[in-house]
Amino acid sequence: MSNERTPLVTSGVCGLSVTTVACGAAPGTTPEPPPGSGTPNKDPRKLNTFFGVMVPTILSMFSIVLFLRTGFVVGHAGLLQGLLMVIVAYTIISLTVLSICAISTNGAIQGGGAYYMISRSLGPEFGGGIGLMFFLAKVFACGEYVLGLVEAILDVFGSDPGKFGVRVLPQGYWYTVLYSSGVLLLCLLVCLVGAHIYSRTAFVILLVVTVSLLSIFISSVAVKPRDFVITHQGPGNQTLRYNASYTGFSAATLKSNLAGYSLDYSTNSVMSFATVFAVMFTSCTGIMAGANMSGELKTPSVSIPKGTIVAVLYTFTVYVLVFILVSATCDRTLLIQDYGFLQRINIWPPFVTVGIYCASLSAAMCAMIGASRILHALALDHLFGLPLAPAAITSSSGNPWVAVLYTWGLAQCVVFAGELNAVASLVTVFYLLAYAAVDLACLALEWASAPNFRPTFQLFSWHTCLLGILSCLVMMFVINPVYSSGSIVLLLLLLLFLHYRSPTSSWGYISQALIFHQVRKYLLMLDVRKDHVKFWRPQVLLMVANPRSSSQLILFVNQLKKGGLYVLGHVQLGDLDTLPSDPVQQQYNFWLSLVDKLGVKAFVDLTLSPSVRQGTQHLLRITGLGGMKPNTLILGFYDSCTPEDFFLQDTAFCDSSIGQNSDGEYNFGVDLPSLQAHFPPVRHVESPRWLSPEEYVGIISDAVKMSKNVCLGRYFFQLEGEGKDSKVDGSERTIDVWPLNLLQPGSRDYQDVCSLFLLQMACVLNMSNKWRHARMRIFLNVETESSDQGWVVNEETFRELLKKLRIRASIKIVPWDSVVQHHAKSDGVPSSEPTQALSEGFLSAVNCMLTEHSSQAAVRFLYLPRPPAHRSQSQQYLAQLEAVTYGLGPTLLIHGVTPVTYTDL
């Protein structure tokens, strides 16, 4: 199994080197810290389900909303709509909880919580973008909770106190910043000691909050009905007075609190379902608090689902009971005119005050420690390079203290804002985006149907995942459409940034599983029995002996494929019976790296065979699947030319780029020196050939027998401008087409299958990007001095044919009477097979004619005669082809056996 903590890249931002972290950590273990950080000598995984998941999740979901916004929700929305809001909110988060449980029970979970789940499922780009936004949301939430705590403290102990206040603390902007910094420092000290101390502190706080909650329920019975006069500062320095009452349990009070919206005294705006629901939903954004502690949990795959579900059920029950309680005991005026009314109706008001303080403090600590764990996980994965590299450092006990300092510093900057009412909505939107991403990760895993996705938690389906995604997205725009749109734009920018940094990982990509699932489905739908000539496209198998000398041909064929299948084939000589293992399997990575380096859209298929001919037969038969199988075989030309080494000419392969990766990509174990060393040097003149002329011609003959079109490419090492970085658009290029069988002057048929195939291939090339503006010329060879003037009619017929085929090309008439005179006629031999000996004078004359008319062409398309039936004529066949094409430049000899043209709609 691949190591889930394998670093992504070895280079940071601006090319600065970053030390590799945790290369050898086994799955399910804590990663090693970077050098200099100190080696952990204790297992940081100490927390159980209760302390590690339930306690932080419950406290995060209570925070101060329970104590300070219950009256706001019930008073404005009424009990019925308030309960509806609770049910809807918890339904939304429960859908995400199901996804969290499914992912967390499908394998070992390491530190990072939501980020770890998303990145290991959707890849580093999506995981890194969501992870950074989730980290920022936690930082802002930490500052928000701290400011809320300071505000609550000043309400009691400030210089302008409330009913229960004592005048001891001066107030003002800088005093607020000072008090907030002191609270942040306390949170920092607790988090620096470690998650173990934090969990104990949080447990004590949970006890205090529980006592505060019990006091509220007891007060509903113990406190007698009473009346209050509530005052607010109105417009024009007017003092507004409201008479409110606490009635105790009363059916009339309950009935009056069933529904209704009114003016909010803090914002002077009329509330609506959306605005009240947005405030209510902020209390539900703490469901990942336990998951963020995944690096400190003993058994995260057990603790996260169990603890999160119990915490959600517990908080849901508390919210429902509190809503019913206040609806039945407090009149509506009290609820909407004093959001801190719980202190007024408590048997001992400090119970509620202390509960508010503890809930705020625990939420701030939870946000700080959760954010530090996410940042630590981001740093370990090197997603953002050098700026986050120090955050990977841990203490001897495994506590990421540098990440804690990062979080504290950013939260301190947030505190300077002094007022975070506007940022509260942004924090909630970021949370929801992260939850939607978790649902998306689970949905992708479910849709991919990967056999290894076997979560022990089974109470989910793709329906719940999809509904969770839609619910989170809808809630984002209900809360704040502007912030929602901005957060999505920010996510897209982060995705683009991480994509262009190319952090290829060895984690496994869900996109690959999804693509496989869809490709298999559509391949089954691609029925070869439904093929039609008007939708024909070239599907090419290019046989490559050594890419050092064939790279230009590989690049050219990439332009010739026209969106069809393109396969690079190679035959490794050998016999598997005499070998301990298959040597071909180890070569695939080198060939795939070559494909990436050249920038061609090609597959690779290798085989082991005693002979090249037999191996080519194998590839022609088995390459591809279903309706995607090669219909055209392309070979390099068999001649005595000394091949050139393309690797020495292309800057992408030269020594100056060794140690670098042009795109910064993970190279899957194949760096540039290894790639260069894998492919042997080009063949020298004295070197023995792996392939005899008879075997080469036999390959051509085999392909024709198998109804495959055949192309032979010669002199393509002279072709320039085919690389992926080339800006050539073909405007200065010319494509020359000679559709007549030049070795058989008696053949005057320009409309046979082979000639039309040749025209089609030239037209396909003319449609590719680098040849789109090239001029295409078609040469018609005629005997003008013969008594038969049928060539004039043939020319007109050919022009009509081109018009029907929608081929834009200029026609050049080439008289070749002088060439035909050299032809050695041999009666009784079929004209389709060049088995007779052609005089050197004729071959030379044909070559001179081609040179005269096509010397300036970028590429030439020539008619390839059918190979001889007798093995003894193979060398003669090759000699004729070599003589005709000698010195021409890039030339493609084509023999087509497939009808490919169609004139109807």
Side-chain angles (χ1 to χ4, degrees), residues 44-45 47 51-63 93 96-97 100 104 109-119 127 130-146 184 187-188 190-199 201-203 205-206 282-297 300 303-304 307-308 311 359-380 388 391 394 398-411 414 427-428 430-435 437-438:
R45 295 183 178 271
L47 303 182
F51 287 106
V53 180
M54 286 181 59
V55 171
T57 303
I58 290 172
L59 290 176
S60 295
M61 297 186 72
F62 280 160
S63 64
I93 65 171
T96 302
V97 168
I100 294 171
S104 62
I109 299 292
Q110 298 188 17
Y115 159 71
Y116 188 87
M117 296 179 187
I118 296 168
S119 63
I130 290 291
L132 184 62
M133 293 176 68
F134 199 37
F135 164 73
L136 293 176
K138 286 282 185 183
V139 170
F140 278 106
C142 180
E144 180 185 7
Y145 294 140
V146 168
L184 266 180
C187 296
L188 173 66
V190 173
C191 294
L192 282 177
V193 174
H196 185 65
I197 298 300
Y198 159 74
S199 65
T201 306
F203 175 64
I205 292 175
L206 179 62
T282 57
S283 65
C284 303
T285 54
I287 56 173
M288 296 293 288
N292 291 333
M293 303 294 293
S294 58
E296 281 79 18
L297 297 174
S303 298
I304 291 176
T308 304
S360 302
L361 183 62
S362 67
M365 286 193 300
C366 182
M368 178 176 287
I369 201 166
S372 66
R373 269 45 182 183
I374 295 172
L375 184 65
H376 178 62
L378 285 168
L380 285 178
L388 297 188
T394 60
N399 185 34
W401 61 273
V402 177
V404 174
L405 290 177
Y406 266 79
T407 306
W408 170 79
L410 291 174
V414 172
V427 172
T428 304
F430 276 12
Y431 276 122
L432 284 170
L433 196 59
Y435 298 161
V438 173

Task: Working for side-chain contact (heavy atoms from CB on, under 4.5 Å), residues Val190 and Met368 - done: CA-CA 10 Å; Val190 173; Met368 178 176 287; over 6 Å; no

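- Under the 4.5 Å side-chain criterion, counting only non-hydrogen atoms from C-beta, Thr96 is in contact with Ile100.
- We find the CD1-CG distance between Ile369 and Leu192 to be 9.5 Å, quoted to the nearest 0.5 Å.
- Distance check: Glu144 CD to Ser360 OG gives 10.0 Å after rounding to the nearest 0.5 Å.
- Counting heavy atoms from C-beta outward, Cys142 and Leu410 have side chains that stay 4.5 Å or more apart.
- Counting all heavy atoms, side chain and backbone alike, Ile93 lies closest to Cys284 at CG2-O, 3.5 Å.
- No side-chain heavy atom of Met54 sits under 4.5 Å from any side-chain heavy atom of Leu206.
- Remark: Ile304 CD1 to Met288 CE distance equals 8.0 Å, nearest 0.5 Å.
- Interatomic distance, CZ of Arg373 versus CG of Asn399, reported as 4.5 Å (0.5 Å rounding).
- Note that the CD1 atom of Ile58 and the CD1 atom of Ile205 stand 13.5 Å from one another [nearest 0.5 Å].
- Here the side chains of Tyr435 and Ile287 are in contact, with some heavy-atom distance below 4.5 Å.
- With sequence neighbours excluded, the residues forming a side-chain contact (heavy atoms from CB on, under 4.5 Å) with Ala403 are Ser372, Leu375, His376, Ala391, Pro400, listed by chain and number.
- Residue Phe135 comes nearest to Thr407 through the heavy atom pair CE1-OG1, 3.6 Å, listed as atom of the first residue, atom of the second, then distance.
- Nearest heavy atom pair, residue Ser303 against residue Val53, reads O-CG2, 3.7 Å.
- Closest of all the heavy-atom pairs between Lys138 and Ile374 is CG-CD1, 4.4 Å.
- Nearest heavy atoms, Val404 versus Cys191: CG1-CB, 3.9 Å.
- Partners of Phe430 by ring pair (Phe, Tyr, Trp, His ring centres under 6.0 Å), not counting sequence neighbours: none found.
- Rounded to the nearest 0.5 Å, atoms CZ (Phe51) and OG1 (Thr201) are 11.0 Å apart.
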Task: Candidate pair Tyr115 and Phe134, rule ring pair (Phe, Tyr, Trp, His ring centres under 6.0 Å), full reasoning - done: CA-CA 8 Å; Tyr115 159 71; Phe134 199 37; over 10 Å; no

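- Taking each heavy atom of Thr57 and Gly286 in turn, the nearest pair found is CG2-O, 3.7 Å.
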